Amino acid sequence: MEDFKDQKEIGHGSYGLVKVGHYNQQDGQSQQVVVKVPRDVKGNEREFAKEARHLNSVNGNPNIMSFIAISVSPFGLMTEYVKFSFRPF
């Protein structure tokens, strides 16, 4: 994911890390994105690929964040960055 720049960790859990940054697209545009980086994929490659397939299958749904890319070295799932707050309106 050499096109993923200005990375900053915004969360972590038992699954791994979540980073926000900018993705430099092939057309020269930059997009703010999130990359989910699993802690340990070894032995769980199928589950990782399954999650990527599921995200890709719902791509285009306006109620679900857009899936952008997958990386296998290092492992990571890239989606659009969606800012949300649980604070009441």
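Note that the structure is a prediction, hence the values are computed from the model and not measured. Positions are given from 1 along the sequence.
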ask   = Ignoring hydrogens and geometry, is there a side-chain-to-backbone donor-acceptor pair from Arg39 to Gly13 under 3.5 Å?
value =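 Yes.
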
task = Let me see the working for Leu77 and Leu55 under side-chain contact (heavy atoms from CB on, under 4.5 Å), right down to the final yes or no.
result = CA-CA 9 Å; Leu77 294 172; Leu55 283 171; 4.1 Å; yes

Separation of [Y] [atom2] from [X] [atom1] (nearest 0.5 Å):
| X | Y | atom1 | atom2 | answer |
| --- | --- | --- | --- | --- |
| Leu17 | Glu9 | CG | CD | 4.5 Å |
| Lys83 | Gln32 | NZ | CD | 8.5 Å |
| His22 | Lys8 | NE2 | NZ | 11.0 Å |

request  = Please identify each residue that fulfils salt bridge (Lys or Arg N to Asp or Glu O under 4.0 Å) with Lys36, with sequence neighbours left out.
outcome  =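 Checked Lys36 against salt bridge (Lys or Arg N to Asp or Glu O under 4.0 Å); matches are Glu51.
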
task = For Tyr23, enumerate each residue passing the ring pair (Phe, Tyr, Trp, His ring centres under 6.0 Å) test, keeping only those at least two apart in sequence or located in another chain.
result =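 If we apply the ring pair (Phe, Tyr, Trp, His ring centres under 6.0 Å) test to Tyr23, skipping adjacent residues, there are no hits.
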
task = Go through the structure and list residues passing side-chain contact (heavy atoms from CB on, under 4.5 Å) with Gln31, not counting sequence neighbours.
result =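 With sequence neighbours excluded, Gln31 shows a side-chain contact (heavy atoms from CB on, under 4.5 Å) to Gln25, Val33, Ile68, Glu80, given in chain and number order.
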
message = I'd like to check the side-chain contact (heavy atoms from CB on, under 4.5 Å) partners of Val18; sequence neighbours left out, ordered by chain and number.
response =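 Residues passing side-chain contact (heavy atoms from CB on, under 4.5 Å) with Val18: Ile10, Val34.
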
query = Who else is in Val82's hydrophobic cluster (ILVMFWY, side-chain heavy atoms under 4.5 Å, direct or via others)?
reply =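 Met65, which link up through side-chain heavy atoms under 4.5 Å apart, make up the rest of the cluster.
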
Side-chain donor-acceptor pairs under 3.5 Å in residues 56-63, sequence neighbours left out?
{"unit_1": "Ser57", "atom_1": "OG", "unit_2": "His54", "atom_2": "O", "d": "2.8"}
{"unit_1": "Asn59", "atom_1": "OD1", "unit_2": "Phe67", "atom_2": "N", "d": "2.8"}
{"unit_1": "Asn59", "atom_1": "ND2", "unit_2": "Phe67", "atom_2": "O", "d": "3.0"}
{"unit_1": "Asn61", "atom_1": "OD1", "unit_2": "Asn63", "atom_2": "N", "d": "2.7"}

request  = Kindly indicate whether the side chain of Phe75, heavy atoms from C-beta on, has any atom under 4.5 Å from the side chain of Ile70.
outcome  =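 Contact flag for Phe75/Ile70 side chains = no.
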
